[in-house]
Undergrad: 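Here it is, the structure in full.
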Amino acid sequence: MTVVVAQLPTAEGLAAFTCAVEEARRRATQLLVIATANGSTDEFEEARAALADSGASLRVENGTGNMADDLVSAAEQHQADLVVIGLRRRSPVGKLILGSNAQRILLDAPCPVLAVKPDRQ
């Protein structure tokens, strides 16, 4: 059993990471983090501490730069129970021009996907 999440240095990425840590704790399972080159390792130590007393564990793998492919591939390889992603609001034109990684993950992941939004400030 595995919960998969990307580590992204954005409000959406932090919301997904925080939720994924909680889901891994609740399920007492492995949390697999797909790390990006510009992420912070401090988050990993905090996550390890949060998971320590729950029976859950943390594993970190480096991503290739294509987050949608990385998350779907990791979910397939590790037979994940859940993928957690962060969402941000985009205009219809923005979705058309840039595509939607979230949509790709939602459609292609072999397991349920939990989409979270950051708290409004």
Side-chain angles (χ1 to χ4, degrees):
M1 293 175 45
T2 302
V3 174
V4 179
V5 67
Q7 179 217 18
L8 296 170
T10 62
E12 297 81 14
L14 182 58
F17 186 78
T18 301
C19 182
V21 168
E22 188 55 39
E23 283 295 319
R25 282 188 69 198
R26 192 170 61 81
R27 297 166 186 251
T29 191
Q30 175 177 263
L31 174 62
L32 173 60
V33 179
I34 306 302
T36 60
N38 53 358
S40 165
T41 58
D42 292 341
E43 290 177 82
F44 299 145
E45 294 313 313
E46 292 173 20
R48 272 189 223 286
L51 295 172
D53 63 343
S54 68
S57 62
L58 176 69
R59 178 178 176 163
V60 179
E61 293 183 1
N62 291 323
T64 64
N66 185 329
M67 203 48 62
D69 284 345
D70 290 344
L71 289 175
V72 170
S73 177
E76 290 170 346
Q77 284 180 330
H78 297 277
Q79 299 176 338
D81 297 312
L82 181 69
V83 174
V84 182
I85 60 172
L87 292 180
R88 65 185 165 115
R89 187 162 187 78
R90 297 179 73 180
S91 70
V93 173
K95 287 183 223 173
L96 177 66
I97 293 170
L98 299 174
S100 175
N101 282 331
Q103 182 177 358
R104 249 189 85 221
I105 295 165
L106 285 165
L107 295 175
D108 294 344
C111 60
V113 177
L114 175 60
V116 298
K117 295 190 278 186
D119 292 332
R120 287 187 172 180
Q121 307 242 354

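Everything quoted here is computed from the prediction, not taken from an experiment. Side chains are part of it too, since the values below use all heavy atoms of this structure and drop only hydrogens, waters and symmetry mates.
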Undergrad: Search all heavy atoms of Ala47 against all heavy atoms of Leu58 and return the closest pair with its distance.
TA: CB-CD2, 4.3 Å
Undergrad: Would you find more than 12 non-hydrogen atoms of other residues, nucleotides or ligands less than 6.0 Å from Glu61 atom CD?
TA: yes
Undergrad: Roughly how far apart are Ile34 CD1 and Asp69 CG, rounded to 0.5 Å?
TA: 11.5 Å
Undergrad: How long is the span from the CG atom in Leu14 to the SG atom in Cys19, to the nearest 0.5 Å?
TA: 11.5 Å
Undergrad: With rounding to the nearest 0.5 Å, note down the distance linking CE in Met1 to CD in Gln30.
TA: 11.0 Å
Undergrad: Measure the shortest side-chain to side-chain distance between Arg104 and Val72 over non-hydrogen atoms and say whether it is less than 4.5 angstrom.
TA: no
Undergrad: Do you know which two heavy atoms are closest between Leu106 and Ile85, and how far apart they sit?
TA: CG-CD1, 4.5 Å
Undergrad: Contact between Leu82 and Arg27 at the side-chain level, heavy atoms closer than 4.5 Å - yes or no?
TA: yes
Undergrad: Which pair of heavy atoms, one from Val4 and one from Ala74, lies closest together, and at what distance?
TA: CG1-CB, 4.1 Å
Undergrad: Which heavy atom in Thr29 sits nearest to a heavy atom in Ala56, and how many Å separate them?
TA: O-CB, 2.9 Å
Undergrad: What is the minimum heavy-atom distance between Leu31 and Val21, and which atoms define it?
TA: CD2-CG2, 3.6 Å
Undergrad: Whether the side chain of Asn101 engages the backbone of Ala68 through a donor-acceptor N/O pair (distance < 3.5 Å, no angle test) should be reported.
TA: no
Undergrad: Please report the shortest heavy-atom distance between Ala11 and Pro118, naming the atom on each side.
TA: O-CB, 3.7 Å
Undergrad: Whether the side chain of Thr18 engages the backbone of Ala15 through a donor-acceptor N/O pair (distance < 3.5 Å, no angle test) should be reported.
TA: no
Undergrad: Taking Leu51 as the starting point, is it possible to reach Leu114 by hopping between hydrophobic residues whose side chains are less than 4.5 Å apart?
TA: yes
